[in-house]
There are 2 protein chains.
Amino acid sequence: MKIQSEPFDAFSRLVFPDAIAEQSRKRFAALAKSRVLDPARGKPLDASVSSLVFISSGAVKLVAHASAEREQVIAFYFSDDLFILPEDGKHSFSLQALQRSEVLIFPYEEFAALAQKDCAILRYLLDRSALSLHRSREKTIALGRKTALERTASFLLSMAERIGRPRGGSVEIELPMSRRDIADSLGLTIETISRQLSILRGDKVIETHGRAGVLIRSCGALEQRSGSLRDAA
Amino acid sequence: MKIQSEPFDAFSRLVFPDAIAEQSRKRFAALAKSRVLDPARGKPLDASVSSLVFISSGAVKLVAHASAEREQVIAFYFSDDLFILPEDGKHSFSLQALQRSEVLIFPYEEFAALAQKDCAILRYLLDRSALSLHRSREKTIALGRKTALERTASFLLSMAERIGRPRGGSVEIELPMSRRDIADSLGLTIETISRQLSILRGDKVIETHGRAGVLIRSCGALEQRSGSLRDAA
DNA sequence: CTCTCGCTTTGATCCAGATCAAGGCGAAGA
DNA sequence: TCTTCGCCTTGATCTGGATCAAAGCGAGAG
């Protein structure tokens, strides 16, 4: 139990109200499984039962396997993100690390049942779910109605917001995912991603440094290309 | 308050535990705005603030406006569905009736704050959110990785499950939405939807009767065409 | 420092679904 | 019953992004 105490503490600080009883905290701790996910290892975490996952550190992708050879990245998650890993249904889901990541896994039903004694915890879960839902809906818009360039621009803006470091008027991003992951997330191919990035580079909207480094030189220019409503004037 | 008592009662029966105090029920009732949405009228309900919506009767679509002339149907909702109508952000959202519909609208923040006194209500909300999220993720898979025929088949199966009437081995559906709505939901055009339906009709998988009537003659055959994992053998 | 393997970029061609263009046909009113 | 208007279907053509193909290039190993 010593090994997983550090990730659980981080989770505890974020999710639990200060006033939670020590005994109650221990019950949650007993539900938690702590895991270190590594990108090298194969399929690290699949879901026979619905789980609640907390990313203590690192970066992961939630992947749905539509069929052999066809996979869709449902979402990326980073440090301190909390989300529901659905059980396999019509499609199978798995969680894969993009870098070495520490995660905490709770069985969803048991967690919710336990949380039902403390409304503040349920409320936190509800708000996180609402955020997940909102992001998922944004993705729906992107996949349903946006062009390749718009999707790429939207993706970069989203990453800037979630893991970017502001540098004056610019934002620096270190992308933990490969071009393939981005493509599988946006419903495009790696070649198309690469081409869109080249276009943005050519337009001086971004710079790329090596495989992972991206510098957004103008968020405004990116937003104009992201297909959000601007020309509604 | 007399007018809206019937829709609220339906909501109350579904969401509240039997034991809820009458006084507490009244507080929720005071938050609720009851509306009748009509397809004829223009933009019936937009969202300056995040709302919780309950469909008492009828059928509605949640629409996101990516930009002028480009809209994406995020989801369809039917009787007894409860969901979050997000406030306008990068995209603007609106709720539009497909038929005459009675809906109940709560401001999300106030509702959640009030519900925080009763964990059972929060739990119900959380589970409904999880369902919305699951459906949204299914849509992500459809839009990201499925062909036009697979999307159409998935759509019909989803409708069969939600508003279909079993007729022996078949399922009868009365579609409340137009081809345009379906197209805007699946990220396709009306012509493509029409063509896919013709293909399914030609393959004897479905029959169509008039504009709205669909008879699924073989759910199995539809599932095979829906691009879920089956050929993983 | 150099090699090398796997990721990424760029180029050429192809195709599923969009777009453009006519007709059908069904529901509501006369 | 007939008309009419607005969906829906079907056909012809076009195109954005996929697929196929071939170099670049960068991080880790030796």
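Note that the coordinates shown come from a computational prediction; the quantities given were computed from them, not determined experimentally. Chain A is the first sequence line, chain B the second, and so forth, proteins listed ahead of strands; every chain is numbered from 1. Scope of the values below: all heavy atoms of this structure, side chains included, with no hydrogens, waters or symmetry mates.
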Colleague: Check B:R180, B:K139, B:K61 against B:S185 for a side-chain hydrogen bond (donor to acceptor under 3.5 Å, both in side chains) and give me the one that passes.
Modeller: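 Of the listed residues B:R180, B:K139, B:K61, the side-chain hydrogen bond (donor to acceptor under 3.5 Å, both in side chains) partner of B:S185 is B:K139.
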
Colleague: Reading DNA chain D from 5' to 3', where do the contacts with chain A start and stop? Cut-off is 4.0 Å to heavy atoms.
Modeller: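 Listed 5' to 3', the contact boundaries are D:dG17 to D:dG26.
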
Colleague: Using a heavy-atom cut-off of 4.0 Å across all strands, would you classify A:R201 as base, sugar-phosphate, or nothing?
Modeller: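 Here A:R201 touches the backbone only, sparing every base.
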
Colleague: Check whether any side-chain nitrogen or oxygen of B:T189 sits under 4.0 Å from OP1 or OP2 of C:dA18, and answer yes or no.
Modeller: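 Yes, such a contact exists.
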
Colleague: Output the rounded distance in Å from CD (B:E191) to P (C:dA16).
Modeller: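 In whole Å, C:dA16 P lies 18 Å from B:E191 CD.
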
Colleague: Does A:G213 reach a base, just sugar-phosphate, or nothing at all? Heavy atoms under 4.0 Å.
Modeller: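 No contact.
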
Colleague: What pair of heavy atoms forms the shortest contact from B:L37 to B:L95, and how long is it?
Modeller: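 The pair with the smallest heavy-atom distance is CD1-CD2, 4.3 Å.
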
Colleague: How is A:I193 classified with respect to the nucleic acid when contacts are heavy atoms under 4.0 Å: base, sugar-phosphate, or nothing?
Modeller: nothing

Colleague: Rounded to whole Å, please give me the gap between CD1 in B:I190 and P in C:dG24.
Modeller: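 From B:I190 CD1 to C:dG24 P: 17 Å.
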
Colleague: How large an angle, rounded to 10°, do the end axes of the helix from C:dC1-D:dG30 to C:dA30-D:dT1 enclose when each is built from five base pairs?
Modeller: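 End-to-end axis angle for the helix from C:dC1-D:dG30 to C:dA30-D:dT1: 40°, rounded to 10°.
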
Colleague: For A:R180 and for B:R151, locate the closest nucleotide of DNA chain C by heavy-atom distance; then report the residue assigned to the nucleotide nearer the 5' terminus.
Modeller: A:R180

Colleague: Could you tell me how the ring of B:F106 sits relative to the ring of B:F11: parallel (under 30°), tilted (30 to 60°) or perpendicular (over 60°)?
Modeller: tilted

Colleague: Apply side-chain hydrogen bond (donor to acceptor under 3.5 Å, both in side chains) to residues A:S129 and B:S129 and explain how you reach the verdict.
Modeller: CA-CA 6 Å; A:S129 286; B:S129 286; 5.5 Å; no

Colleague: Between B:S198 and A:T192, which is nearer to the 5' end of DNA chain D once each is assigned its nearest nucleotide?
Modeller: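 That would be B:S198.
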
Colleague: Tell me, which pairs form a salt bridge (Lys or Arg N to Asp or Glu O under 4.0 Å) where one or both residues lie in residues 151-169 of chain B, sequence neighbours left out?
Modeller: B:D81-B:R162, B:R165-B:E172, B:R167-B:E172

Colleague: Could you tell me if the side chain of B:S154 sits less than 4.5 Å from the side chain of B:L157, heavy atoms only?
Modeller: no

Colleague: Roughly how many Å is it from NZ in B:K146 to C1' in C:dA16, rounded to a whole number?
Modeller: 17 Å

Colleague: Please pick, from C:dC7, C:dA21, C:dG11, the nucleotide with the shortest atom-to-atom distance to any side-chain atom of A:R211.
Modeller: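 Of the candidates, C:dC7 comes closest.
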
Colleague: Look at the side chain of A:T152 and the backbone N and O of A:A148, then say whether any donor-acceptor pair between them is shorter than 3.5 Å.
Modeller: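 Indeed, once roles are kept as given, a pair shorter than 3.5 Å links the two residues.
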
Colleague: Less than 4.5 Å apart, any side-chain heavy atom of B:L200 and any of B:T208?
Modeller: no

Colleague: How long is the line joining CZ of B:R179 and P of C:dA18, in whole Å?
Modeller: 16 Å

Colleague: Taking the nucleotide of DNA chain C with the nearest heavy atom to each, does A:L197 or A:R145 sit closer to the 5' end?
Modeller: A:L197

Colleague: Using atom CZ of B:R195 as one end and atom C1' of C:dA22 as the other, report the distance to the nearest whole Å.
Modeller: 12 Å

Colleague: Between A:I55 and A:F83, is any pair of side-chain heavy atoms under 4.5 Å apart?
Modeller: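 Yes. Closest side-chain heavy atoms under 4.5 Å.
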
Colleague: So B:L188, base contact, sugar-phosphate only, or nothing? Heavy-atom distance under 4.0 Å.
Modeller: sugar-phosphate

